[in-house]
Amino acid sequence: MGFWDPCWACRLMRGEIQGGVVVAMADVVVAINPFPLVDGHVLVMPRQHVPNIFDMPAGLAGPVLAMAARVARAQQVAFQAEGVTLRQNNGAASDQHLMHFHLHVIPRYTGDTEAFGREPEQISEQRQHALAARLVEALAHLD
C-alpha cells in the first residue's frame, strides 16, 4: 500500500484523511496536490471514482474542465500566476500514480521550467490547508 492507495481521492472525499480541499461540489472536488510542483498546484477530480479518462462518463468531463478553468482564474489572483498548465495522465505507462481521474492545474511563471524537472516533495497538511485557503478566498472574489 502506497500513499495513493487505497484511492487517496476517495478517502479524502469521505473525510477519512485530511487535505487541502479547495472546492467540494456535488460532482467535482478540488484539492491541493500533496506533492505540488509549485504553490497552488491542485487536482480537479470527479467525486465519483473514475480510474482514468477511458472510463470517464461524458457527463463528468464538462464539469471537471469548467472547474479547472475557474481554479486557473483563482490561481492568477491568489498566486499571481502568469500562465497555467493542465496535465492529465492515464495508466501506469503515462506515470499515473493516483488511479482516480484527476486533472492537474498548475500555476506557471516565466522561467519556472526547473520545477518540472525535479521530484516533487510532500508538503504538510497545514501547508495544504494554507494554500487551499488562498484559493478559496480568490474564488470568493471571482464569484
Side-chain angles (χ1 to χ4, degrees), residues 1-113 115-123 125 127-143:
M1 177 160 104
F3 180 88
W4 301 109
D5 296 312
C7 184
W8 174 86
C10 290
R11 288 183 290 138
L12 179 73
M13 292 179 216
R14 288 192 301 259
E16 295 172 9
I17 59 172
Q18 296 297 307
V21 175
V22 177
V23 176
M25 308 280 292
D27 51 0
V28 178
V29 173
V30 179
I32 296 293
N33 186 339
F35 294 88
L37 294 175
V38 296
D39 284 351
H41 177 173
V42 300
L43 305 176
V44 180
M45 306 166 283
R47 188 173 289 277
Q48 175 184 339
H49 182 78
V50 176
N52 53 50
I53 200 160
F54 306 114
D55 299 319
M56 175 70 79
L60 282 177
V64 167
L65 190 56
M67 182 60 71
R70 188 169 173 238
V71 169
R73 290 188 293 275
Q75 289 170 333
Q76 288 180 308
V77 173
F79 299 100
Q80 293 73 52
E82 298 172 48
V84 65
T85 290
L86 301 181
R87 180 179 285 177
Q88 207 284 308
N89 302 322
N90 294 280
S94 74
D95 201 32
Q96 181 182 6
H97 299 289
L98 170 59
M99 299 304 170
H100 183 119
F101 179 92
H102 57 286
L103 179 59
H104 295 260
V105 183
I106 309 165
R108 296 300 303 267
Y109 308 91
T110 303
D112 70 353
T113 54
F116 285 75
R118 63 173 169 72
E119 190 68 28
E121 295 181 12
Q122 186 176 2
I123 59 174
E125 286 178 18
R127 181 77 178 138
Q128 291 174 51
H129 290 293
L131 294 170
R134 288 174 64 181
L135 282 171
V136 168
E137 183 178 343
L139 286 166
H141 285 61
L142 293 174
D143 291 336

Exam field: side chain Arg134 to backbone Phe79, donor-acceptor pair closer than 3.5 Å: no
His104 and His102 aromatic centres sub-6.0 Å: yes
Please say which of Asp27, Val28, Leu103, Leu60 ends up in a side chain to side chain contact (heavy atoms under 4.5 Å, CB included) with Pro46. Leu60
Check the side chains of His41 and Asp39 for a donor-acceptor pair under 3.5 angstrom, ignoring hydrogens and angles. no
Going by side chain to side chain contact (heavy atoms under 4.5 Å, CB included), His100 matches just one of Met45, Gln48, Arg11. Which one? Met45
If we only count heavy atoms from C-beta on, is the Glu121 to Phe35 side-chain gap below 4.5 Å? no
Heavy-atom closest pair (Ala115 atom, Val38 atom, distance to 0.1 Å) is CB-CG1, 4.0 Å
Taking the cut-offs as 6.0 angstrom to the six-membered ring centre and 45 degrees off its axis, would you call Arg108 and Phe116 a cation-pi pair? yes
Flag the pair Gln75 / Val77 as yes when at least one side-chain heavy-atom distance between them is below 4.5 Å, and no otherwise. no
With rounding to the nearest 0.5 angstrom, report the NE2 to CE distance, His49 to Met13. 9.5 Å
With a 4.5 Å limit on heavy-atom distance, are the side chains of Arg14 and Leu12 in contact? no
Begin with the C-alpha distance, continue with both residues' side-chain angles, and end with the deciding distance and a verdict on side chain to side chain contact (heavy atoms under 4.5 Å, CB included) for Val21 and Val30. CA-CA 6 Å; Val21 175; Val30 179; over 6 Å; no
